[in-house]
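Reading through the structure tokens given below for one structure.
Proteins get letters first, then strands, A, B, ... in listed order; numbering begins at 1 in each. What you see below is based on every heavy atom in this structure, not just the backbone, and it leaves out hydrogens, waters and symmetry mates.
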Amino acid sequence: MESNEKKPRYGMVIDLDRCNGCGNCTLACAVENNVPPAHENANERTGITWMRVQKVDNNRPYPENRSVYFPLTCQQCDHHTPCESVCPQKAVEYDTETGIVAQIPVRCLGCRYCMTACPYHARYFNWWDPEWPKGMETALNPDVSTRMRGVVEKCNFCHGRLQAARAKAAVEGRRAIADAEYIPACAESCPTKAIYFGNLADAGSEVSRLAKEKNSFRLLEQLGTEPKVYFRSEQSWVHEQMNAKLKTAEKEKIHG
Amino acid sequence: MNITRREILRFVGGSALGILLTPVPWKALDDSAIWTQNWPWIPEPVRGESSYKLTSCTLCSASCGLRARCIGNQPVSLSGISAHPLNSGALCSFGIIAHHLRYHPARLSRPCRISGKAGASGSTAMAFDELLLEVAAAINDASASSQTVAIVDGRPGRTASHLFQQFAAGLPNGKYITAGESSLEILGSMFEKPPGPLAYDLDNSKMILSFGVPLLDRWGTPARTARYLQKKSEGKQRIIQVETLQSRTAGMADRWIPIRPGTEAAFALGIAHVILKDKLFRDASKDIAEFETMIAAYPPSAVAEICGVSQDFIRDTAREFSANRPSVAVIDGSANSRHALAAVMALNILVGNVGRKGGVVVHREIPSPVALSKNKMSPISTLDAIPDHSIRAMLIDESLSGSSLPDGLLQKKLTGNGILVSLSPFVTERPFCTQYVIPSPVFLESLAELTGQADRESSSLSLSAPLVPEPAGMVDPIQFIQRLGSAAGVMNIDSGTTEELLKKRMTAIYSEKRGSIFNASNGQTSELKGLTSPDELWNVLFAGGCWMDSPETVRSLPAVRLTSVSTADRIKNIPPESNQLLLLPCAEDVIYRNSEISPLMSKVGQESGLRPSGCKVYLQTATGDALGLTDGCRVMLQTKKGSMQAEVRLDPSMMPDVAAAYSALNQQNIISLCEMNQDASLQPTPVKIQKV
Amino acid sequence: MDKKFISRGVSRTSIGNFGLWISPWALMLVVGLYAVMLCLFKGLNQTNMDNRFAFGLWIYLDLTVIALGAGAFFTGFLLYILKRKELKAVINSAVVIGFICYSGAVGVLMVDVGQPLRAWFTFWHPNVHSMLTEVTFCITCYLMVLAIEYVPVILKNRKIKHVSSMLVFEHELHKLIVVFAAVGTFLSFFHQGSLGGLYGVLIGRPFAFRPALGIWPTTFFLFIISAAAVGPSFILLTTALVSKITGKKLVKPEVYQLLGKISGSILIVYVLLKAIDTLIWINSTSPSLGFSAASFYKFSGFGTWIMFAEIVLCGLVPALMLLNQNIRQQFRWLITAALLACTGIVINRFVMTIQTLALPTLPFDAYMSYVPSWQEVATFLAVLAYGMLVYSFSFRYLTLFPQERELQSL
Amino acid sequence: MKFQFLWFLAGLCVMLFIGWIVFPYALYERREQPLQFSHKVHTETAGMSCDNCHAFKEDGRFTGIPALSKCMECHTDVIGTSPHERTLVDEYVKQNREIPWLVYARQPQNAYFSHASHVKLAGLNCDRCHGPHGTSDSLRTYARNRISGYSRDIWGNSISGIKTASWDGMKMDDCADCHNQHNVPNTCLKCHK
């Protein structure tokens, strides 16, 4: 069915030097994906934020202290996806069509094995049933299903938006969608435009170009999981801190 | 026939085998699993047609243009309009979830009276008419006993504001008070006669010297950071952040100058000292010599001592500030003393930033037929100018959240039996007086008018269209003042519905033929002159558009009095006694102090720790270690004014010996521990910290 | 009163005393079941687990309990396949303990998952790459095997024996016991291994990750061997404990010594392999993933002492003790050695489950701690109480130790 | 001995009867549609085509069952003789109330289905999944599974799960089978949201 052209590999490049830690990505994500407000007993370790911003500093005391904000989401590992192979009942799947790691909450039995497998802590368990203040449940996004307690959920690059873009293309008789037609809520909502999103398999795309730059790195690259979320910063301490291998331009050809 | 136990067992055995050969166990297994996937108590999103509606955000005066994605008529998500000249597609984190506000559990549905006596506080629901009678009685009482009736406006320049001014003019002791950007009000008051509404022209500035203003985080338009990063890469803008804490702005600015808490005024006077000494000033004020002697006590050496920074920082900053024109010095009015505001504003006067593009500019008044009607308007006054304990009734329009006056100040100005009448969607606890609260619609429910930006070169006007119906019994600001006026016998208020009055204003703006208009539906900005009718203007603004006034041309400004900068106050560091730290009250969300936010805000607070939630105190790691405190432990904060519990966060970016304390959204708690300046601004206060 | 149910030739305490003994366990079971209900109906917010500590006390205990319950399969393997007839003295007890351990673990797992009603999806839509699938399949099957092995023990009860068809059934079943023992051994090897693989495959947790031998990480094999090593030790300990509590001689001293010897011989192999595996991990696996092994031990609480305790103090030491005949013959030292061996495995399972999750992975992660809630503890205690009750009833009414009658008459 | 075996057989038969006859009946709750509707009358007598009412939106969404406003394009007042039409006008049109149709093919919220890609791109006909519904003269009784809440059409008519037609059954396996036949990827996210 699919034409011969290469299948997309969606990915992100996040410019840490542009992130001011406002949290819009976290909020827009929660709105888009029907993540409920916190249960009164929830905390930083039991709450659900598919996209979470974490402040990271250089461990130096005042006044030499410097910090950046890391927007952390599912890193969409392309290779040896740690969570996928461990799920006993295929609730996690590496989507070969898009490179997105899918989590299907209705298949999930809530064993949380995937959460222990994920080194990026990108997976969240529903410790409570979701609850919205009265009336707020009418403002949910119909493109994403709500979840129940006892299942794991995580970022899927706003796949509902991809489905919507495909439906629009289909009604116009197109099988492929243009790059601009699909952008996740976090990237769209970022007021400083720190999040670039696009197709890493397309060598001409901006994300491909940025991902190959020498200032770009990925988290825990040595694990060999080939995450599709890149970070970039021009501050050398960030690279040192992340123990990142700075790439030489010719060395790596991504997702070739 | 005799049925024995064994026969029953055989029957059961047969049944057990039989049931396995039917669909019952398998279907039950399958359907019960499906049941868990569709639990009836888990809400399902409503299905419906999807559409986009355009409007403007009312949360603050930044007036961001936004797109609401609607399912049926229900907005389900908000995003910025990328071509919008005010916000360039950016929304702030409050705005992006503002469509939830109408479902906030604390939403007020009926007018109520809240008893102010401590301990006896309780809210009594009442009819609007009944409430009007009681308030009118208090107003008449005030008029009779020549006490003041004040009306406080957080968003001046609206049509409603002008009606408020008419109301104040109609009373013998009526005062109209704005709670706008008070640093600019101070600057205005330094002129011999007011030059008109002032604003910072940040977009055109080459260098911004910010005294703790969260420029790159949440102050003014959320597009600021992206614009700054763009200009920075082109070498067109620099930001120097003078602030105790390593805030988000401090982290991104070109330079962060960490000064001791409460020493902003001293730092500014130190810069002024260098500017005068090195003859870097441009605008000679007639009392400049006098000013120089006044600040003689602030040479860089002394200031370095007070602020805890190197002298070079002071000299370099002074030179950069005067060399990189147009430059502008900004300071946040809600967090600093009036002395600090005046000292910083003096810098703008000294290097000639006032009245210049890229500095502090004068905005033109937006045409208003109400302002021109036969009904007289009261002039604008400030709460400072009103004697203490003289206000019998204070009316506050909080229907649009915005800068609000500190409770300490309000309390000081009210008489013993003073009442507070608030128009607001939510109840703000003010336990010091009897409060009447009238419910107003929230964002997206009513037609609202948005004027003026304190961070732009020219003023603008937008409309926020009602996308969803408002609940019954809501009152908008125009109805509020008209009803109150007629109840209190104040007859000189323009009549007409909100829509009629706003349409009249459109006609007035249209007839002036000045400025430009942004049309959100096609993303184009064009001259207002190109429009064919006032109705067209209305339609464009009603759909997320925006009218921008043309910038005021530079004109000669009236003379200034630099000596109104006072140094009398103790502008120096308070060395804390041994084993005491300096408590720095922090307001993460100062603009929203008297408003609620979407419950989803827990995502960036309670659930991720990105922004402080609950009561937290931040200490330098070394300071915490010295006090034997660990990250996450609970402590008691004790000052002369009281004590409260907080959770410790050790943070290497913190200045040693400083305790930055955040409390939950409503700031009452931390404020109650802090000593207050004369103008009700907070002072850094010595605090004892003990583990509990 | 219940005399006719008690095996011929052995004496049991009065029913009153027995009642006194079981009532605290019954109470503990009831409290635990209340905690279970809370978890099932209110959700797992009743526990202190969280997104970072997604596995907690329960998984740790599952792994431990199943390792200790390995005595059942390994004794069966030695008795029926390798024909070590001496072990007939403890096989029944081993089967009951195995059954308790496995059914308890499965029960706790059903509480531990967020959606127990969907647990059968693993059978319908299995992911064959997942160690957990392997574990689920093998444990479920092995639990059935254990149940089948348990049935003949029950059917031999003095009263039930009177039903002729039951006796025939028992006899036929017993003929097949070799088959079940073989199947059980096979299944056990797999799931003990899969439980080891559970953590060994976690590439995202360099502390636990081990390279693969064939398709399984080395922990797969280490878990099998370690479970086989401590299984007999645990049988030894439980037998001694029952003997102590009831004040009866249950098996001959040679049986204790044989169990100790078996345990020791396998434990020494395990310790050797574990040491090699650890060295490879320190020098190759961990650095290749970007982590120096030392970095995992810099947090207070989990220093290198835990590694020493696990491998030397509770590994090498008991192994050498158990291999020494003189020590084996002194009952006190035999028990000490068995206890150390079991402790070693308890520490190993703790290190694999809890320490792995406590350690940071991202460069800016914090070290995590976790304290189980009362509901988690009560649920665990319910399993303990359940085990106590099942064992107590089995001991009273069934023949767990065939040598008891003989030893009593001596 | 023979008699004893009969007891066993009796148990077996009772359960087979309950499991195959009583259970399927008890499992489903039957509900009548709020209003009768004839596709036949609309397509044949009124000469309308399917997409007159079941159309695609610009954004690729399918209207599914049209809203009352669609009915009101013709039925602002009674134009025929059917009593159901009178009900429509009196109870819904005049009171401006949407008709609470019971949707036979309603998928759960976790399933995503795009009519656009199946109809416009894959060229499927309506009856592939909806059977002869489009030519029916009346609306059959809607049956709802009491445990799962699903329409009976999702599982299919036969309790054993044996399909008698391509549209008999709309569960995941039915979708997956067709995808497999046509070599369309069967990844989770194709159909789940």
Side-chain angles (χ1 to χ4, degrees), chain A residues 17-18 20-24 26-32 34-38 42-44 46-49 52-55 57 59-63 65-69 106 129-130 132-148 150 164 185 188-193, chain B residues 36-37 39 41-48 50 71 74-80 89-93 96-97 99-100 102-105 216-218 222-223 225-226 229 246 248-249 251-252 256 258 598-604 606-611 620-622 651-656:
Chain A
D17 297 343
R18 293 189 75 91
N20 67 352
C22 69
N24 269 19
T26 306
L27 295 166
C29 166
V31 170
E32 175 74 21
N34 298 333
V35 181
N43 59 32
E44 292 166 33
T46 50
I48 302 179
T49 51
R52 160 175 301 211
V53 182
Q54 178 152 1
K55 187 180 177 184
D57 72 2
N59 283 329
R60 307 267 304 152
Y62 168 94
N65 189 279
R66 292 293 173 272
S67 55
V68 289
Y69 291 91
V106 285
D129 269 327
W132 283 268
K134 197 175 171 299
M136 207 168 127
E137 77 284 348
T138 60
L140 295 176
N141 176 11
D143 292 350
V144 179
S145 61
T146 48
R147 282 79 55 190
M148 61 300 294
E188 184 191 62
S189 70
C190 180
T192 65
K193 304 195 168 53
Chain B
T36 68
Q37 297 171 342
W39 274 338
W41 60 87
I42 307 293
E44 259 186 51
V46 181
R47 297 168 197 243
S50 168
I71 300 297
Q74 172 69 47
V76 297
S77 68
L78 306 178
S79 55
L91 292 181
C92 71
S93 44
I96 207 153
I97 47 178
H99 60 299
H100 296 151
R102 53 196 296 247
Y103 305 113
H104 198 285
L216 303 181
D217 182 12
R218 57 184 188 274
T225 312
L229 290 171
Q246 194 203 61
R248 289 164 164 78
T249 306
M252 288 189 108
W256 167 40
S598 161
L600 211 56
M601 212 67 189
S602 66
K603 297 290 156 207
V604 293
Q606 185 187 350
E607 289 178 89
S608 70
L610 178 62
R611 288 174 191 268
Q620 157 68 234
T621 318
D651 184 341
S653 76
M654 284 291 306
M655 180 179 281

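Counting heavy-atom pairs closer than 4.5 Å to chain B, the top residue among A:P191, A:A38, A:A30 is A:A38. Highest contact tally toward chain B, considering only A:P63, A:A28, A:P36, is held by A:P36 [criterion: heavy-atom pairs under 4.5 Å]. Of all the listed residues (A:G23, A:G21, A:C190, A:P61), the one sharing the greatest number of non-hydrogen pairs under 4.5 Å with chain B is A:G21. Of the residues considered (B:H104, B:M252, B:R47), B:M252 shows the highest number of contacts with chain A, using heavy-atom pairs under 4.5 Å. The greatest number of non-hydrogen atom pairs below 4.5 Å with chain B, out of A:E137, A:R52, A:R147, A:E188, is found for A:R52. Per-residue heavy-atom pair counts under 4.5 Å with chain A were compared for B:E44, B:M654, B:H99, and the maximum is reached by B:M654. Residue with the most contacts toward chain A among B:S598, B:A226, B:A90, B:P652: B:P652 (heavy-atom pairs, distance under 4.5 Å). Ranked by heavy-atom pairs shorter than 4.5 Å toward chain A, the options B:P258, B:G251, B:S77, B:P105 are led by B:P258. Of the residues considered (A:P133, A:S189, A:G47, A:A139), A:A139 shows the highest number of contacts with chain B, using heavy-atom pairs under 4.5 Å. The candidate with the highest count of non-hydrogen atom pairs below 4.5 Å against chain A, out of B:V46, B:L216, B:D651, B:I96, is B:I96. Highest contact tally toward chain A, considering only B:P656, B:G48, B:G80, B:A223, is held by B:P656 [criterion: heavy-atom pairs under 4.5 Å].
B:P75 touches chain A through its backbone: at least one of N, CA, C or O sits under 4.5 Å from a heavy atom, while the side chain does not. When heavy atoms are compared at a cutoff of 4.5 Å, A:D57 approaches chain B solely by way of its side chain, counted from C-beta outward. Contact of A:R66 with chain B is made through backbone and side chain together, with heavy-atom distances under 4.5 Å. Contacts between B:L600 and chain A at a heavy-atom distance below 4.5 Å involve backbone atoms as well as side-chain atoms. The parts of A:V35 that come within reach of chain B are both its backbone and its side chain, each placing non-hydrogen atoms under 4.5 angstrom from that chain. Interface remark: B:T36 contributes backbone atoms only to the contact with chain A (heavy atom separation under 4.5 Å). Using a 4.5 Å cut-off between heavy atoms, A:D17 contacts chain B through its backbone alone, with no side-chain atom that close. Only the side chain of B:Q74 comes within contact range of chain A, with heavy atoms under 4.5 Å apart. Interface residue A:N20: backbone and side-chain heavy atoms are both found under 4.5 Å from chain B. Interface remark: B:S608 contributes backbone and side-chain atoms alike to the contact with chain A (heavy atom separation under 4.5 Å).
Between the side chain of B:Q620 and the backbone N or O of B:M655 there is no donor-acceptor pair closer than 3.5 Å.
How far OG of A:S145 is from CG of A:L140: 11.0 Å, rounded to the nearest 0.5 Å.
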